[in-house]
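Small disclaimer: the values here were computed from a predicted structure and weren't measured. Atoms within each ligand, like the ligands themselves, are counted from 1 in listed order.
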Amino acid sequence: MLTRPASPADAEAITEIYNQGIEDRIGTFETEPRTVEQILAWFDAVGPLGRFPIVVTEDEGRIVAYAATSAYHSRACYRGIAEFSVYVARDRRGQGAGRAALTGLIEAATKAGFWKLLSRVFAENVASRRTCAAVGFREVGTNLKHAKLDSAWRDVVVVERLIEENID
Ligand SMILES: CC(C)(COP(=O)(O)OP(=O)(O)OC[C@H]1O[C@@H](n2cnc3c(N)ncnc32)[C@H](O)[C@@H]1OP(=O)(O)O)[C@@H](O)C(=O)NCCC(=O)NCCS
């Protein structure tokens, strides 16, 4: 498997993988599927030439996962913090692609100068919690009843990883 910066040519594969994640109701509060045009607009806003890295993981020419950073907060003091997400194609989960994508994203975020990555993971999302732990994230704590998904309150675990190279 190879992880590399994403490009607009990857938008279709990213859309498909993200929409599977939305459908599966395990990784995000989002419920509306995305279109390729929306993903391309996202690329324009934050994509490969922007401040927030996005990476894809390929296996034999097929994109099997992606991971992306996004803005954490508009206050200047938080400029070195990014939120992240990671999604693996449904038929390729549990085969190392999530770990590969997240590892590549951490490398890209390190080069981009971020000092911390963070996210919120559904408490029951064992695969995501294990993947985060495997690449050095710690669990900060749990936000109880953070929001509703399909009318049910969900708890989320806050995870963070310091990037020591960018902390002086
Ligand atoms: C969560 C997700 C990104 C993990 O990626 P993955 O490719 O399935 O995971 P990997 O094969 O790289 O495994 C990484 C670690 O997690 C563990 N793991 C993976 N799936 C697991 C599962 N279902 N149950 C328990 N542990 C699991 C692996 O054993 C491995 O841990 P180890 O190195 O300690 O053995 C992927 O399953 C996915 O896309 N899920 C749906 C969307 C989602 O939940 N995204 C996260 C949003 S925060």
Of the listed options [options], closest to [atom] (non-hydrogen atoms):
{"atom": "atom 42 (C) of ligand 1", "options": "Phe84, Tyr87, Tyr18", "answer": "Tyr87"}
{"atom": "atom 19 (C) of ligand 1", "options": "Ala127, Ala67, Ser128, Gly96", "answer": "Ala127"}
{"atom": "atom 6 (P) of ligand 1", "options": "Gly21, Cys132, Gly94", "answer": "Gly94"}
{"atom": "atom 14 (C) of ligand 1", "options": "Ile26, Thr131, Val156, Val159", "answer": "Thr131"}

Top protein contact for [atom], by heavy-atom distance:
{"atom": "atom 46 (C) of ligand 1", "result": "Val86 O, 3.2 Å"}
{"atom": "atom 39 (O) of ligand 1", "result": "Val88 N, 2.8 Å"}
{"atom": "atom 24 (N) of ligand 1", "result": "Val126 CG1, 4.0 Å"}
{"atom": "atom 47 (C) of ligand 1", "result": "Gly27 O, 3.5 Å"}
{"atom": "atom 5 (O) of ligand 1", "result": "Gly98 CA, 3.3 Å"}
{"atom": "atom 26 (N) of ligand 1", "result": "Arg130 CG, 3.7 Å"}
{"atom": "atom 12 (O) of ligand 1", "result": "Arg99 N, 2.9 Å"}

Tyr72/Leu118 under side-chain contact (heavy atoms from CB on, under 4.5 Å): CA gap, chis, key distance, verdict: CA-CA 8 Å; Tyr72 165 65; Leu118 57 77; 3.8 Å; yes
Protein contact for atom 30 (C) of ligand 1 (heavy atom, distance under 4.0 Å):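 No; the ligand atom in question lacks any protein heavy-atom contact below 4.0 Å.
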Check whether any side-chain heavy atom of [X] lies under 4.5 Å from a side-chain heavy atom of [Y], and answer yes or no.
{"X": "Arg129", "Y": "Val126", "result": "no"}
{"X": "Ile63", "Y": "Arg4", "result": "yes"}
{"X": "Ile106", "Y": "Phe84", "result": "no"}
{"X": "Tyr87", "Y": "Arg93", "result": "no"}
{"X": "Met1", "Y": "Gln95", "result": "no"}

Interfacing atoms of ligand 1 (cut-off 4.0 Å, heavy-atom, Gln95): 11 (O)
Under 3.5 Å: donor-acceptor pair, side chain of Arg138, backbone of Gly136: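 Looks like no, no N/O pair under 3.5 Å.
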Within reach of ligand 1, part of Asn125 (heavy-atom separation under 4.0 Å): side chain
Within 6.0 Å of CD in Glu16, more than 12 heavy atoms from elsewhere: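 Atom CD in Glu16 is not packed in, count stays at 12 or less.
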Mutual orientation of the aromatic rings belonging to His146 and Phe29 [parallel < 30°, tilted 30-60°, perpendicular > 60°]: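 Tilted, since the angle between the ring planes falls between 30° and 60°.
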